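For reference, the structure is listed below as structure tokens.
Per chain, numbering begins at 1; letters A, B, ... match sequence-line order. What you see is a predicted model; the values in this text were computed from it and never measured.
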Amino acid sequence: MVTSGFIHLPSSITSLINMYSRCNQMEEAVLVFRDPYHERNVFAYNAIIAGFVANGLAADGFQFYKRMRSVGVMPDKFTFPCVVRACCEFMEVRKIHGCLFKMGLELNVFVGSALVNTYLKVDGTEDAEKVFEELPERDVVLWNAMINGYTKIGHLNKAVVVFKRMGEEGISLSRFTTTSILSILTSMGDINNGRAIHGIVTKMGYSSCVAVSNALIDMYGKCKHTEDALMIFEMINEKDLFSWNSIISAHEQCDDHDGTLRLFGKMLGSRVLPDVITITAVLPACSHLAALMHGREIHGYMIVNGLGKNENGDDVLLNNAIMDMYAKCGCMKNADIIFDLMRNKDVASWNIMIMGYAMHGYGTEALDMFHRMCEAQIKPDVVTFVGVLSACSHAGFVHQGRSFLTRMELEFGVIPTIEHYTCIIDMLGRAGHLGEAYDLAQRIPLEDNLILWMALLGACRLHGNAELGNVVGEKITQLEPKHCGSGSYILMSSLYGVVGRYEEALEVRRTMKEQNVKKTPGCSWIELKDGLYVFSMGDRTHHELNALINCLCGFGYFHDEVMHSF
DNA sequence: TTAGGGTTAG
């Protein structure tokens, strides 16, 4: 570097190329490289190749390597690690590997790590293993390359074997090793070894590294230990996008939807901006809580920041998540607009629409969507038929429902699961075909399922059939004798009440008391400007409760049981 | 003067 008054300017062509590369200005870097007053020696070639590879333009980097060879500039041990990384086909790496042998560079550990990395990427596992075993000196980067390479191609067990061997050979772990192994243990759901790595990380002083903390948050989150995840998150000084996304996902994966939205709000107040991953993690929370206002805000954020598009056109996953949010919140109009605007749709996009219409009782629209899906040559899957059958159930399309149950296997090759049978039982039961529903429930060629029998018990209550209700209730007790939830007791007691058998209704309540079965209180919620309020039966905690009750009564907002409690 | 490795969704 030379000092020119008050700024420092790079003094050589390589320094200039490096500077432009680091600023992602490859066009400028090429201009410097082509400057006729400078010699294009091995240093200059190494710098330009490294620049392209580092900026994700491997093919361009490879072209410069070819030019280098054609003009007779000899590559050296600094050229090859980049060139090897730039290869994207097996035969290309093989060819370069051949050159390395000719030049006596095949045992260089830097080149070796790049070879291991690339061979594993291009389906050359055996070659990667051979390179690894034959290297006389194996440093921590090389071990990490092997572990990561195996992980990326899904060979998690092999990655763990390498990690164990690393310990046996006395290689000290780097922070890179710990993040990788944590990610592997997370995929395997191995919380015990994960905790052990957490201990090692703390001992080695890696806790201050944000990437290591993020990997720990992800592990604890995915293993449903949200409190541990939160503790690590709070300890990070400079939280980055990974930190926020990991902690938000951790809460959503544990169905803590309130927590998800609370953290998202905090994130908006930080200097880190949400991205597509944040949005896809937060939207299901809005769907579950029917928090339409938050969902709309997120949709707005997505539009303003152009997040709905990626290099392939529409970001299908994100658009599906937005559509699902609107559908679950009952806004089928908005879901439909997004659906129509999406140029790329997948089977999930169709399923979301069918499910949404079915959930809100629009049976005709759901089936119409199904027919459009078939016309568009999209193959329906297991989820599609849950939507279709649930549409038939909610709309009372008994004849069509029966027909779909047969057709789904014969015509579309989708074998009915317990969810499909539950829809059919529910449909027959609601429509009053209790005998047929019971016969079918007994004949189902799958393991007995509590929800299915509960659906039938619900139908018995609806139609006041205490005789069949008794039989079904007995079946439910057999299925879950000890852990019988409160739901079936409540249904049974309510059923006796409906048919005027009050003594038996009281008897069921007495049994519940004896067995200490508690009823989960009925609850409802309402979204106001300052947040989401959940009301349980008998709950009088909200500070503007009376005003709220007056306001909401007119809209029929509350669940019956909550209304009775006021 | 220059080189190789890590964490988040679905």
Is A:F78 stacked on the base of B:dA3, meaning ring centres closer than 5.5 Å and planes within 30 degrees of each other?
->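 Stack criterion not met.
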Would you please say whether a donor-acceptor pair under 3.5 Å links the side chains of A:N214 and A:S246?
->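 Their side chains do not contain a donor-acceptor pair, so the 3.5 Å distance test is not met.
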Ring pair (Phe, Tyr, Trp, His ring centres under 6.0 Å) contacts in which one or both residues fall within residues 247-282 of chain A, not counting sequence neighbours |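 Residue pairs with at least one partner in residues 247-282 of chain A: A:H257-A:H288.
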Any pair with a residue in residues 185-200 of chain A that passes salt bridge (Lys or Arg N to Asp or Glu O under 4.0 Å), sequence neighbours left out, goes on the list, sorted by first then second residue, please.
->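 Only A:R195-A:D228 qualify under salt bridge (Lys or Arg N to Asp or Glu O under 4.0 Å).
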For residues 55-78 of chain A, which residue pairs qualify under salt bridge (Lys or Arg N to Asp or Glu O under 4.0 Å), counting only residues two or more places apart or in two chains?
->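 Residue pairs with at least one partner in residues 55-78 of chain A: there are none.
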What is the distance, to the nearest angstrom, from the [atom1] atom on [X] to the [atom2] atom on [N]?
| X | N | atom1 | atom2 | answer |
| --- | --- | --- | --- | --- |
| A:L120 | B:dG5 | CG | P | 13 Å |
| A:N18 | B:dT2 | CG | P | 8 Å |
| A:M103 | B:dA3 | CE | P | 18 Å |
| A:R22 | B:dT2 | CZ | C1' | 11 Å |
| A:E238 | B:dT7 | CD | P | 21 Å |
| A:L173 | B:dG6 | CG | P | 16 Å |
| A:K239 | B:dT8 | NZ | P | 19 Å |
| A:K77 | B:dG4 | NZ | P | 14 Å |

Heavy atom of [range] under 4.0 Å from DNA chain B: which residues?
| range | value |
| --- | --- |
| residues 240-253 of chain A | A:F242, A:N245, A:S246, A:S249 |
| residues 205-220 of chain A | A:C209, A:A211, A:V212, A:N214, A:D218 |
| residues 125-156 of chain A | A:D139, A:V140, A:V141, A:L142, A:N144, A:N148, A:K152 |
| residues 175-192 of chain A | A:R175, A:F176, A:T179, A:S180, A:S183 |

Listed partners of A:F163 passing ring-ring contact (aromatic ring centres under 6.0 Å, His included), at least two apart |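 So A:F163 forms no ring-ring contact (aromatic ring centres under 6.0 Å, His included) with any residue.
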Residue pair A:L289, A:H294: steps toward the side chain to side chain contact (heavy atoms under 4.5 Å, CB included) verdict = CA-CA 10 Å; A:L289 297 171; A:H294 286 302; over 6 Å; no
Run the side-chain donor-acceptor check on residues 84-96 of chain A: report pairs under 3.5 Å with partners two or more places apart or on a different chain.
residue : atom : partner : partner atom : Å
A:E92   : OE1  : A:C88   : N            : 3.0
A:R94   : NE   : A:D127  : OD2          : 3.2
A:R94   : NH2  : A:D127  : OD2          : 2.7

Given A:N319, A:D314, A:D315, the one that forms side chain to side chain donor-acceptor pair (under 3.5 Å) with A:K309 =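 That would be A:D314; it is the only one of A:N319, A:D314, A:D315 passing the side chain to side chain donor-acceptor pair (under 3.5 Å) with A:K309.
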Under 4.0 angstrom, heavy atoms only, what part of the nucleic acid is A:N108 near: base, sugar-phosphate, or nothing?
->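 Touches a base.
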Heavy atoms under 4.0 Å, any strand shown: does A:V109 hit a base, just sugar-phosphate, or nothing?
->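 Answer is base: heavy atoms of A:V109 come under 4.0 Å of a base.
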CD1 of A:I415: more than 12 outside heavy atoms within 6.0 angstrom?
->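 No, not enclosed.
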Show me the donor-acceptor pairs within less than 3.5 Å that the side chains of residues 151-160 of chain A make with the rest of the protein, sequence neighbours left out.
residue : atom : partner : partner atom : Å
A:T151  : OG1  : A:I147  : O            : 2.7
A:K158  : NZ   : A:E129  : OE2          : 3.2

For A:K345, which residues count as a side chain to side chain donor-acceptor pair (under 3.5 Å) partner, sequence neighbours excluded?
->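 So A:K345 forms no side chain to side chain donor-acceptor pair (under 3.5 Å) with any residue.
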Distance check: side-chain N/O of A:R85 vs OP1/OP2 of B:dA3, anything under 4.0 Å?
->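 For A:R85, the contact criterion (side-chain N or O under 4.0 Å from OP1 or OP2 of B:dA3) is not met.
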N-O pairing of A:R271 and A:E238 below 4.0 Å =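 Between A:E238 and A:R271 there is a salt bridge, with a charged N closer than 4.0 Å to a carboxylate O.
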Quick one: list whatever passes side chain to side chain contact (heavy atoms under 4.5 Å, CB included) with A:S249, sequence neighbours left out.
->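 Partners of A:S249 under the side chain to side chain contact (heavy atoms under 4.5 Å, CB included) test: A:Q253, A:A281.
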From CA spacing to verdict: ring pair (Phe, Tyr, Trp, His ring centres under 6.0 Å), A:W350, A:F370 = CA-CA 8 Å; A:W350 292 90; A:F370 173 75; 9.8 Å; no
